[in-house]
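So that the names make sense, note that chain A is the first sequence line, chain B the second, and so on, each numbered from 1.
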2 protein chains.
Amino acid sequence: MTDQLDKAFAALSDATRRDLIARLAIGDATVGELAAPYDMTVQAISKHLKVLTDAGLVTKRAEAQRRLVHLEADALRALTQWVEHYAQLAERRYSRLERVLAGMTDQLTDQPTDGPASATRKDAP
Amino acid sequence: MTDQLDKAFAALSDATRRDLIARLAIGDATVGELAAPYDMTVQAISKHLKVLTDAGLVTKRAEAQRRLVHLEADALRALTQWVEHYAQLAERRYSRLERVLAGMTDQLTDQPTDGPASATRKDAP
DNA sequence: GTCTTTTTCAACCAACCGGTTGAGGAGCAT
DNA sequence: ATGCTCCTCAACCGGTTGGTTGAAAAAGAC
């Protein structure tokens, strides 16, 4: 589980692989077609594609002696979900803090806020 | 631009750093607080935080001799946007293909479809 | 002032990464 | 069968990474 996220994020950390993703979003393609635009050997692209497949972002199906590479949109969605979760969490917390600060004049002893800024410590998570 | 995406995705490719993000989504914390739960030296966590800051995902502000670490939700959003863009592109293309296949009985010689599956090749992108 | 806390810097190490070259494998085509 | 095309596997190399230890900087506490 965590291993898959490791691989997926690592896969996207390379500009060439992100470029391949962008290309594959347009439509499926063979390894050779994918390699053509790059100033790089086909083996290098093949390696990149292996990284992407190991991360589950891409699949290949044999088509004669060529391999048709296909982008797995669902795997991408798993990434956005992870990131969005914490982005929203942080954003919500922040806006709540803002709300609390703004509302300090209105009502002051209402709910137990978990404390502004530095009072968020935990001992045994 | 591309360099920042490189760093951000690379930063998230490590489970420890993702864990730090998750912790920081709850609220800001000092380096020591962040390091406490881990079976690892404080220096190692400091390094991880440097990676996160270099990626722009996190900022630090001095608070006495401690450093308060803060999660930058906007930087996370930049990642989700990138991934979502291509996820939607691929998904839309796929559903369009499905629509074409389903509609083949209704109307067959209508628009020049870019060809199902394997006919999506391009020579000079 | 000295001592303690908090964090970073520096050097080191094993392991991994992104690229190369070279060889091999699996399918058509002739 | 022989050859051609498309792709992957293996070995290698320089550079980066994730962790360690040790020292030092910066700010409070005494």
Listed in order of residue number, which residues of residues 45-58 of chain A have a non-hydrogen atom at under 4.0 Å from DNA chain C?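 DNA chain C contact set from residues 45-58 of chain A: A/Lys47, A/His48.
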In 5'-to-3' order, the base (B), backbone-only (S) or no-contact (-) status of each nucleotide in nucleotides 22-30 of chain C, using a 4.0 angstrom heavy-atom cut-off, is B----SS--
Side-chain donor or acceptor of B/Arg92 paired with backbone N/O of B/Ala87 under 3.5 Å: no
So, does B/Ser46 use its side chain to make a donor-acceptor pair with the main chain of B/Val42 at under 3.5 Å? no
Give, for atom CG of A/Leu12 and atom CG of B/Leu12, the distance between the pair rounded to the nearest 0.5 Å.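 Taking CG in A/Leu12 and CG in B/Leu12, the distance rounds to 10.0 Å.
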Please round to 10 degrees the angle between the axis of the first five pairs and the axis of the last five pairs in the helix from C/dG1-D/dC30 to C/dG24-D/dC7.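 Nearest ten degrees gives 20° for this helix.
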Starting from the 5' end of DNA chain C, give me the residue, A/Asp39 or B/Val31, whose nearest nucleotide shows up first.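 Nearest-nucleotide comparison on DNA chain C picks B/Val31.
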NZ/NE/NH1/NH2 to OD/OE distance under 4.0 Å, [X] and [Y]:
X       : Y       : answer
A/Lys60 : A/Asp28 : no
A/Arg61 : A/Glu63 : yes
B/Lys7  : B/Asp3  : yes

Please evaluate residues B/Lys50 and B/Asp54 with respect to the criterion salt bridge (charged side-chain N to carboxylate O under 4.0 Å, His left out), reporting the C-alpha separation (whole Å), side-chain torsions for both, the decisive distance (0.1 Å), and the verdict. CA-CA 6 Å; B/Lys50 177 163 174 46; B/Asp54 287 354; 3.3 Å; yes
Under the side-chain hydrogen bond (donor to acceptor under 3.5 Å, both in side chains) test, which residues partner A/Thr59, sequence neighbours left out? A/Glu72
Output every pair passing salt bridge (charged side-chain N to carboxylate O under 4.0 Å, His left out) with a member in residues 35-44 of chain A, not counting sequence neighbours, ordered by first then second residue.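 Found none.
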Only residue of A/Arg67, A/Arg66, A/Gln65 satisfying side-chain contact (heavy atoms from CB on, under 4.5 Å) with A/Thr30 is A/Arg66
Do A/Arg77 and B/Glu84 have side-chain heavy atoms sitting under 4.5 Å apart? yes
Salt bridge (charged side-chain N to carboxylate O under 4.0 Å, His left out) between B/Arg18 and B/Asp14, worked out: CA-CA 6 Å; B/Arg18 282 200 307 277; B/Asp14 183 277; over 6 Å; no
Taking any atom under 4.0 angstrom from a heavy atom of chain B, which nucleotides of DNA chain D are the first and last to qualify, 5' to 3'?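 The contact span of chain B on DNA chain D goes from D/dG18 to D/dG28.
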